[in-house]
Amino acid sequence: MDLNHFYKKNYGDRLALLKAQLGLNEADLEVIANGRTEKGNQIIENYLTDFPVPEGVAVNFLINGKEKIVPMVTEEPSVIAAASHGAKMTLAGGGIQARTTDHLMMGQVLMANVEDADELSTQLNQNEAAILKVANDAHPSIVKRGGGAKKLRIRKLAHQFVSLDIFIDTKEAMGANMINTMLEAVATYLHIKLHQTSLMAVLSNLSDECLATATCQIPVASLATKKLSGEDVADRIVIASLAAQVDPYRAATHNKGIMNGVDAVVMATGNDWRSMESGAHAYAVKDGQYRGLSDWKVSDGKLIGTLTLPMPVGFVGGSININSSAQLAHKFLQITSVKELETVIVSVGLAQNLAALNALVSEGIQRGHMHLQAKSLLLSVGATDTELPNAQLQLEKCPVMDANTAKQVLKTLRNKGEINE
Ligand code: NDP
C-alpha cells in the first residue's frame with residue numbers, strides 16, 4: 001500500500017486512495033460522508049469522519065443541594081439508566097455531597113543515571129525559587145489568572161532516577177500543554193545552570209493533588225426490596241465493597257463500573273478520558289495493591305459511600321472551546337467552572353458504583369442489562385419503534401437471547417400480524 005505522505009494529501013485524494021486500496025463501496029463512502037464535519041478536520045490528523053457515539057442524560061442527581069441533568073456519552077446500554085437509578089437511591093439521604101481540592105496538576109522533569117541523587121536534590125532545593133520562576137515565565141498568562149507553578153517535590157527513585165515534580169495550578173484548564181511547555185523550559189534551565197540533563201519533561205496523569213470526593217449517606221431502610229431488608233442490602237453492599245479492597249480481580253470490574261459513568265461525562269464535556277482513566281487506575285494502586293476506588297460502610301443506620309478520584313479535566317482548553325456539544329454539556333449541567341464539573345464527575349462515579357453494587361448483591365445485573373440488550377438486538381435486526389415493545393417482551397421470554405432469536409421473534413410477530421412493519 002502506498003500511503004506515503006498521506007497526511008499531506010487533501011481530503012478528496014485521501015478518500016480516493018482509501019477507496020482504491022481497500023475496495024470501499026458507495027455505502028462505505030456514504031457512511032464517511034454522512035459523518036464528515038469541518039471541526040473534525042481541525043481537531044485531529046488524517047481526518048475522515050466523525051464516529052457516532054450516543055449521548056443521553058442521566059437524571060435524579062442532587063449534588064451539593066443542586067439538581068443536575070447530566071449529559072453522558074456512551075455506547076454501552078444500561079449505563080445511563082444505572083446512573084439515574086443510583087442517583088435516585090441517594091435522594092433518600094439528601095443526594096450527594098461533593099468537594100474538590102485545589103486544581104494542582106503535576107509534571108515531572110525526569111533525570112536518569114544520576115550518580116549522586118543526594119547532591120542533585122540539594123542543588124534542586126537550593127534553586128527552588130529560580131526553577132518556579134523559569135516555569136512561570138514560560139507561560140505567564142496562567143500566572144496572570146492566579147495560577148502557575150506553586151511548589152516542587154524531589155523524588156529519588158530506583159535505578160538512579162530522580163524526578164523533579166512541579167505542581168502547577170492550571171486554573172480552568174486540564175493544563176497538559178501548558179505544563180509541558182513549563183517543564184521543557186525547566187529542563188533547559190537545569191541543563192544550562194546545573195549541567196544536569198533530563199530524560200524527559202512531561203506531565204503526570206496521576207494528579208493526586210487535584211482530587212474530587214463525593215459522599216452520600218442513605219438511610220438503610222430506604223434500600224429494602226421485596227426480598228431483602230434494607231439492612232441486608234446495605235450489609236451486602238459493604239461486603240461487596242470490601243471484596244474490591246482485597247481482590248484486584250474484583251477491584252478491576254468494580255472500578256470499571258465507576259468509570260462507566262465517569263468516562264461518559266468526561267466525554268460529554270469534551271475532556272480527555274484516557275487521562276482520566278490512567279489517573280484513576282494509578283490512584284487505585286497508590287498503596288501498592290490495586291483496590292476498589294470507592295468505600296462503603298454502615299453507620300448510625302445509614303449506608304455511607306465515598307469516592308475520591310484524580311481530576312485531570314478542564315472547563316476550557318483542548319478541543320472543548322471548539323466542540324459545540326461540550327459547550328452544550330456545560331449548559332445542561334449549568335456549570336461555569338472546572339471545580340463544579342469535577343463535583344459532577346465524581347458524583348456520577350459514586351452513583352454508578354452504588355447502582356452496580358446494589359444490583360449485583362440483590363437481583364444481579366443481568367435482568368436490567370438483558371432488557372436493554374433485547375432492545376439493541378431487535379433494533380440491529382430491523383425492528384421499528386412500533387414493533388419494539390411487543391417484540392422486546394417476547395424476546396425476553398426466550399431462553400437464548402441473540403440476533404438469530406431476535407430475527408425469529410420479529411418474524412413470528414410479523415407473520416401473526418401482531419405488529420406491522
Ligand atoms: P490548551 O493547550 O488548550 O491550554 C488551555 C488554554 O486555555 C490555555 O493556554 C489558556 O490560554 C486558555 N485559558 C483560557 N481561560 C483559561 C482559564 N480560566 N484557566 C486556564 N486556562 C485558560 O489545553 P490544556 O493545556 O488544558 O491541555 C489539554 C489537552 O492536552 C487535551 O486535549 C489533552 O488531550 C492534551 N494532552 C494530554 C496529555 C496527557 O494527558 N498526558 C499530553 C499532551 C496533551 P492562555 O494561553 O491565554 O493562558
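Computation of the quantities below employed the complete heavy-atom set of this structure, encompassing side-chain atoms and omitting hydrogens, waters and symmetry-equivalent molecules. For ligands, and for the atoms within them, numbers begin at 1 and follow the listed sequence.
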Distance-only N or O hit between ligand 1 and Ile142, under 3.5 Å: no
Atoms of ligand 1 close to Met174 [distance to a heavy atom under 4.0 angstrom, numbered from 1]: 26 (O), 28 (C), 40 (O)
side-chain hydrogen bond (donor to acceptor under 3.5 Å, both in side chains) partner of Glu209, the single match among His103, Lys151, Lys150: Lys151
Any N or O of Leu203 closer than 3.5 Å to N or O of ligand 1: no
Protein contact to atom 29 (C) of ligand 1 [nearest heavy atom, distance to 0.1 Å]: Asn177 ND2, 3.8 Å
Stepwise side-chain hydrogen bond (donor to acceptor under 3.5 Å, both in side chains) check, Thr405 with Asp402: CA-CA 5 Å; Thr405 324; Asp402 58 15; 2.4 Å; yes
Geometric N/O contact Asn180 with ligand 1, under 3.5 angstrom: no
Closest non-hydrogen atom pair, Asn321 against Val316: OD1-CA, 3.7 Å
Polar side-chain atom of Asp287 near backbone of Gln289 as donor-acceptor pair, under 3.5 Å: yes
Exercise: do Asn205 and Ser275 side chains pair donor with acceptor under 3.5 Å: yes
Parallel, tilted or perpendicular: ring planes of Tyr47 versus Tyr11, cut at 30 and 60 degrees: tilted
Numbering as shown, the atoms of ligand 1 that approach Ser275 to under 4.0 Å (heavy-atom distance): 40 (O)
Numbered atoms of ligand 1 (with element) below 4.0 Å of Asp272, judged on heavy atoms: 33 (C), 34 (O), 37 (C), 40 (O)
Residue that, paired with Val238, satisfies side-chain contact (heavy atoms from CB on, under 4.5 Å) out of Leu303, Asp295, Ile304: Leu303
Backbone N/O of Gln245 and side chain of Arg291: donor-acceptor pair under 3.5 Å: yes
From Arg145, Glu172, His139 - option closest to atom 13 (N) of ligand 1 by heavy atom: Arg145
Atom 46 (O) of ligand 1: nearest protein contact (heavy atom, Å): Ser141 OG, 3.4 Å
Heavy-atom nearest neighbour in the protein, as seen from atom 31 (C) of ligand 1, with distance rounded to 0.1 Å: Gly318 CA, 4.1 Å
Side-chain ion pair, Lys19 and Asp28, N-O less than 4.0 Å: no
Which residue and heavy atom of the protein sit nearest atom 22 (C) of ligand 1, plus the separation: Val316 CG2, 3.5 Å
From CA spacing to verdict: side-chain hydrogen bond (donor to acceptor under 3.5 Å, both in side chains), Ser163, Gln108: CA-CA 6 Å; Ser163 178; Gln108 53 184 158; 2.8 Å; yes
Within-cut-off N or O pair, Ala176 and ligand 1, under 3.5 Å: yes
For atom 26 (O) of ligand 1, the protein heavy atom that lies nearest, with its residue and separation: Gly175 N, 2.6 Å
Side-chain donor or acceptor of Lys9 paired with backbone N/O of Arg14 under 3.5 Å: no
Closest approach of any protein heavy atom to atom 21 (N) of ligand 1, naming residue and atom: Ala173 CB, 3.7 Å
Within-cut-off N or O pair, Ser319 and ligand 1, under 3.5 Å: no
Nearest neighbour in protein (non-hydrogen) for atom 8 (C) of ligand 1: Met178 CE, 3.7 Å
Ligand-side contact atoms (ligand 1) for residue partner Asn205, heavy atom cut-off under 4.0 Å: 39 (C), 40 (O), 41 (N)
